[in-house]
Amino acid sequence: MRIATWNVNSLRSRIDRVEAFLERHDVDVLALQETKAREDQLPLMGLQARGYDVAAAGTNQWNGVAIISRVGLEDVQVGFDGMPGFGDPVAAEARAIGAVCGGVHLWSLYVPNGRKVEDPHYVYKLDWLARLREAAGKWLGEDCALVGDWNIAPTDDDVFDIKQFEKSTHVTPPERAAFQAFLDDGYAEVTRAHAPGYTYWDYYRQRFERDRGLKIDFVLGSPSLAARVTGAFIDREERAGTGASDHAPVVVDLS
DNA sequence: ATGGTAGTTGGACTA
């Protein structure tokens, strides 16, 4: 089974790329973030014609998550138990959607950005991660994958120039500790060993062309799921050219 | 310290 995660930065503006990506790599399950679409706005016809089911949560403007699957889509859950809200509760819920696809318990996660360390959104981010950790602790015994845009660069090597991030979110010790806590609990990050390199490049200043990016998109697997991983890669080509998302998809193969 | 680009919109906000 082949699963993938992609911060698509608007599903409506990139539906052609999504469909091409699914075909190009023969993907069974795709977790999307920043879909920026209500469920009634989703462009479903091309996906359904290709045999995929879709579950989604989101507003028309910000955030938004979805799961696209051709191996079943059961027990769909929007948000996790204890997930904190921030502002609009609908937008808050549009950061996590879970489902069972082909026997795998998969969560598409859009971790809050944090904005600036002095912003209330940064506290919200840390709280959100702590609550997710509490919920995820109960899923360690099943084949569980926590996939998505974590908005955390776990090491200095995951940033093109760590000096530029001295006072920025994504690299602070509390954020890195929050990420590490999942690993301490027993989750394993399964992509890094197979797929080095960045997953996100800012749109401006030709960051992609100069490979000045961040590694912030990850797949965390429970022990039994991690044991099934046979490979992974980052689809860098998807980030190239006009009309690309600012994130590249990350693909993982399971036995 | 600021601005650079992209998306949703139809101004301002988010990333």
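We name chains A, B, ... by the order of the sequence lines, and we start the count at 1 in each one.
- Among B:dC13, B:dT8, B:dA15, the nucleotide with an atom closest to any side-chain atom of A:N60 is B:dT8.
- A straight line from CZ of A:F86 to P of B:dC13 spans 14 Å, rounded to a whole angstrom.
- In terms of position on DNA chain B, the residue among A:R12 and A:D149 whose nearest nucleotide sits closer to the 5' end is A:R12.
- Side-chain polar atoms of A:Y122 and A:T172 form a donor-acceptor pair below 3.5 angstrom.
- Among B:dG7, B:dA15, B:dG3, the nucleotide with an atom closest to any side-chain atom of A:R205 is B:dG3.
- The distance between atom CG of A:D217 and atom P of B:dA15, rounded to the nearest whole Å, is 15 Å.
- Distance noted for atom C1' between B:dA12 and B:dA1: 22 Å (whole Å).
- Within 4.0 Å of A:R239, counting heavy atoms only, lies no atom of the nucleic acid at all.
- In this entry the distance linking CZ of A:R14 with C1' of B:dT5 reads 12 Å, nearest Å.
- Interatomic distance, OG of A:S69 versus CE of A:M1, reported as 7.5 Å (0.5 Å rounding).
- Defined by atom type and a distance below 3.5 Å, a donor-acceptor pair is missing between the side-chain atoms of A:S168 and A:E166.
- The aromatic rings of A:W139 and A:W107 lie parallel to each other, with less than 30° between the two planes, well short of the 60° mark.
- Here B:dG7 is the nucleotide among B:dG7, B:dG4, B:dT8 with the atom lying nearest to any side-chain atom of A:N9.
- Of the P atoms belonging to B:dT14 and B:dG10, the separation is 15 Å, rounded to the nearest Å.
- With values rounded to the nearest 0.5 angstrom, A:H247 atom NE2 is found 6.0 Å from A:E34 atom CD.
- You'll find that the side chain of A:S10 is closest to B:dT8, out of B:dT9, B:dT8, B:dA15.
- Rounded to whole Å, the separation between the P atoms of B:dT9 and B:dA15 comes to 16 Å.
- One atom, CZ of A:F208, and another, P of B:dT5, lie 18 Å apart when rounded to the nearest Å.
- For the pair A:Y203 and B:dA6, the ring geometry does not qualify as stacking, because the centroid separation below 5.5 Å and plane angle under 30° are not jointly satisfied.
- In terms of position along DNA chain B, the nucleotide closest to A:L11 lies nearer the 5' end than the nucleotide closest to the other residue of the pair A:L11 and A:N151.
- Between B:dG7 and B:dT2, the distance separating the two C1' atoms is 22 Å to the nearest Å.
- For the side-chain contact (heavy atoms from CB on, under 4.5 Å) with A:D149, the lone residue among A:N7, A:T5, A:T199 that qualifies is A:N7.
- Side-chain N/O atoms of A:R115 include one lying less than 4.0 angstrom from OP1 or OP2 on B:dT14.
- A straight line from CG of A:D246 to P of B:dG4 spans 18 Å, rounded to a whole angstrom.
- The residue A:Y110 sits close only to the backbone: its heavy atoms come under 4.0 Å of sugar-phosphate atoms, none of a base.
- Picking from B:dT14, B:dA12, B:dA15 the nucleotide with the shortest atom distance to the side chain of A:W62 gives B:dT14.
- Using a 4.0 Å cut-off, no side-chain N or O of A:R207 falls inside it from OP1 or OP2 of B:dG4.
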